[in-house]
Enquirer: 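The structure that follows is given in the form of C-alpha cells.
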2 protein chains.
Amino acid sequence: MPDKSADSKRRVTIVDVAKAAGVALSSTSAALNNRPGVSDKTRRRIVAKAEELGYTPSLRGRSLSSKRTFSIGLVIQRDIDVLESDPFFGSFITGIEEVISHKDYALVLQISKSERETLERYRKLSSDGRVDGVFLNELKINDARAELVRELGLPAVAINSANSLQFPNVRQDASIPFRQLTELLISQGHTNIGHVSGPQEFLHSYVRQHAWEQTMHLHGLRIGPVFHGDFTYEGGKRAASTMMRQTPRPTAVVCSNDLMAVGFIQGCKDLGLRIPQDVSVTGYDGIALSTYIRPTLVTAQTNPRHLAREAAEMLMQIVDGGHPENRTIPPASIVLGNSVGRAPHK
Amino acid sequence: MPDKSADSKRRVTIVDVAKAAGVALSSTSAALNNRPGVSDKTRRRIVAKAEELGYTPSLRGRSLSSKRTFSIGLVIQRDIDVLESDPFFGSFITGIEEVISHKDYALVLQISKSERETLERYRKLSSDGRVDGVFLNELKINDARAELVRELGLPAVAINSANSLQFPNVRQDASIPFRQLTELLISQGHTNIGHVSGPQEFLHSYVRQHAWEQTMHLHGLRIGPVFHGDFTYEGGKRAASTMMRQTPRPTAVVCSNDLMAVGFIQGCKDLGLRIPQDVSVTGYDGIALSTYIRPTLVTAQTNPRHLAREAAEMLMQIVDGGHPENRTIPPASIVLGNSVGRAPHK
DNA sequence: CTGAAAGCGCTTACAG
DNA sequence: CTGAAAGCGCTTACAG
C-alpha cells in the first residue's frame, strides 16, 4: 500500500459531531450556525465537541442543501496585452476581498477576451450555479450583460452604471473632477483644449468627455479637437502625433485616463514639444505611473478599492436577500503634478 | 405575490432527463458524462432529451458526490499599494484562465496581506474543500506553505521553486538572463557593477543575485555594492540615492526587477546623473513601463502567462490523478533598450 | 427546545 | 447494457 495520502483520513462530518454530542443532527446544525432552536447549554456542548473533533463544515454539503455557493464572480474583459498594465484590476480585487473574505465568501475571477466570451461567462457562471452573484463592471452603453443577467435571475451590482439600469449601483462620479481639471486649464489661460477619449462604447468614456464639453461651454469656449483613444499608452501616443500636428494645435489636452495621458506626453516629447511649456496635459485615475514620469501628471485620484468594497458589501446584502440602496463614494480628488502650466502666448 | 423572480422556475435536473428519456438515472449520468455503460443509441436519445429540456448539470450536485470542486486556488500576497503596479498578476491569471476555462474549472483568487494570513488562506481553502488544488507562487526560502500544503494533502504545483521541494514544478530560469545582462555590462567596459536585490527571503531574489555574483567572479571581477530592495519603484529610488553617493560609485547596476530599475533611474536623475553616460542600468521582467521611460530599459522579457499556462496544465493533470513531470520554459530573452552604455573613463 | 426524516443534484458500486 | 439504491454532507420543514 504505497499510498497513505490524505485521502485516507475521512472527513469529520456534522453527523459525527451530533453523535459524539449525543444530540440530533438538526440541533447540531442550529448550534453550529448560531441559529435559534437549541438551548444555550446544548449549544455550548455541541460547539465544544465540534472543536474537539476538529469539525469544519463542508462547503460542498452546505452548498447543495442551501443552494448557495458562497462565491461571487468577477469577469474582466481585456485585450491580453492591456491587462498587465491595468491598475484598476488589482485594486478592485483587493477591495472585494477585504469585504467578502470575512463573510467566508470567495471570489471567482474570470478573464475574457471578447464581448461574446464575456456573455458566455456570465451565462455559464449562472447555469453551473457557480456563484451567488456577479459584478457588472466597466459597463458599456446598452451593455448586453444587463439584460442577460436579469434574464438569468443572477443577483448583481453595477459599478458606475447609468441610473437607468435596474441594478443596485455604486458610483464615483467622474464629471466633477473632469470639470475641475478642465477649469484648471481654463484658469491657466488655455482656450483651445482638446480631449483624448476612451472607446466610445464605454459609459465612462462618455461621462468624461461630456463633462469636458459641458465645462467648455459653460465658460463660453468652443470645444477643441477630440481623439478617440483606447485607454492605452500607445493610444495616447498616437493621439499626440495626430492631434498635435494640427494647426492651430491645442495648448492643453484633457485625457480620459492616466495611461493615455502618459502616452500623450511621450508623444509630445517625440514631436519636440515641451510639457507644460508648449502643452498642458491632464489624466484621470491616479495610477502610480503618473508619479514616475517627468513632469509628474496632473490627474485625479480615483479609488477602485473603495468602490469595490462598497460594491462587494452591496452584493453581500443582495445575496442575503436584502435590497441595498445605491451608493456613491466621494469623487476623485485632483492631484497636482507638473504637467499643467500657463497657456503659451500666441 | 410580488415576487415572480427566477427562483420560481425549478432547475431541470438529471432526474427529469432520466424520466423524460425513460431510462435509469445511472444510464443518464453515464451518457451525459461520456462514460461507458450505455449503448450508443440510448446515449444519443438521452443527450437529445437533455438538450431539449435545457438540462445543465449542477456543479453543486456534482461537487458533493464526486468530491471535487472544479476550482483551483491562487493566493497572492502583496502589500496593498504594490498590487496595483504589479505586472505579474494580470498576466499570470490570464495564463491560468486560458487553460482551465476549457476544462470547466474556475479560478478562486485570494489576496493576502501577510504571511500569517496567507497560510490561513491555504488552510481554509483546504478545510472548506473549496478548491481541488493550489499554486505555490512566489516562494520564499523555506516557505512555510510547502509543509502546510503537504500536510493538508492539497494538490499543488510550484512556480520557480527550488528543486528540493516535493511538488511538481515549472520554472523559467533567471540565472541565464542575469548572467547575460551582467556580461553585457562587462563587455561595455564596466568593472564596478552593483546590484539592487529583492527581499532576501524570496527564492527568486536569491537566484538573481547569485547569478550576478557568479558572473562577476567568472570574469575575475569583485562584486560591487548590494542594496537590499523590495521590488518597488520607491525601493529602486532609495537604492540610487544610497548607492550612488558612495565613492567610488558603481558605473553600472543590475536590478532584480524592472520596477526597481525604473525607480533607480529616476533616483539617478534626481542626483544629476545621466543614464547611460554616467550609469548603466538593467532590469528584469519586461514590463510595459520599461518601454515608456527614457532611456528605455535594458531588461529581459519574462513570460508569466506562459509560466501560468504550464502550471495550470500540470495542476489539471494532478487533479485528474496524474503525476506530471517538472517543466521548464525558455529563459527570458534580453531586450535592448538605451539604459546601458560604455563605462565612463575614470 | 429536540429528533427523525426528507431533500438538495449528482455519482457510483452492485445486482440483474 | 440497464436499473434500483445508497451515499456525498449539509439544511430545513415538521411533529413531538
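Labels below follow one simple rule: chain letters A, B, ... track the order of the sequence lines, proteins then strands, and each chain is numbered from 1.
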Enquirer: Could you spell out the base pairing of DNA chain C in dot-bracket, with Watson-Crick or G-U pairs whose two distances are under 3.5 Å, [ ] crossing and | to another strand?
Expert: |||.||||||||.|||

Enquirer: Mind calculating the distance between NZ (A/K19) and P (C/dA4) to the nearest angstrom?
Expert: 12 Å

Enquirer: At under 4.0 Å between heavy atoms, what does B/V23 touch on the DNA or RNA strands: base, sugar-phosphate, or nothing?
Expert: sugar-phosphate

Enquirer: Whole Å only: how far is the CG atom of A/L64 from the P atom of D/dC10?
Expert: 12 Å

Enquirer: With a 4.5 Å heavy-atom cut-off, do B/L125 and B/V108 have their side chains touching?
Expert: yes

Enquirer: Side chain of B/D143, backbone of B/R145: donor and acceptor closer than 3.5 Å?
Expert: yes

Enquirer: Side chain of B/P57 only, heavy atoms from C-beta on: which candidate in C/dC8, C/dT2, C/dC10 is closest?
Expert: C/dC10

Enquirer: Students often get this wrong, so: under 4.0 angstrom with heavy atoms, is A/P36 touching a base, only sugar-phosphate, or nothing?
Expert: nothing

Enquirer: When you check the phosphate oxygens OP1 and OP2 of C/dG9, does a side-chain N or O of B/S63 lie under 4.0 Å from one of them?
Expert: no

Enquirer: Tell me the interatomic distance from A/D128, atom CG, to C/dG9, atom P, rounded to whole angstroms.
Expert: 14 Å

Enquirer: OP1 or OP2 of D/dT2 sitting under 4.0 Å from any side-chain N/O of B/T42?
Expert: yes

Enquirer: Going 5' to 3' through nucleotides 11-16 of chain D, assign each nucleotide B (protein heavy atom under 4.0 Å from a base atom), S (under 4.0 Å only from sugar-phosphate atoms) or - (no protein heavy atom that close).
Expert: BBB---

Enquirer: Does A/K41 put a side-chain nitrogen or oxygen below 4.0 Å from OP1 or OP2 of C/dC1?
Expert: no

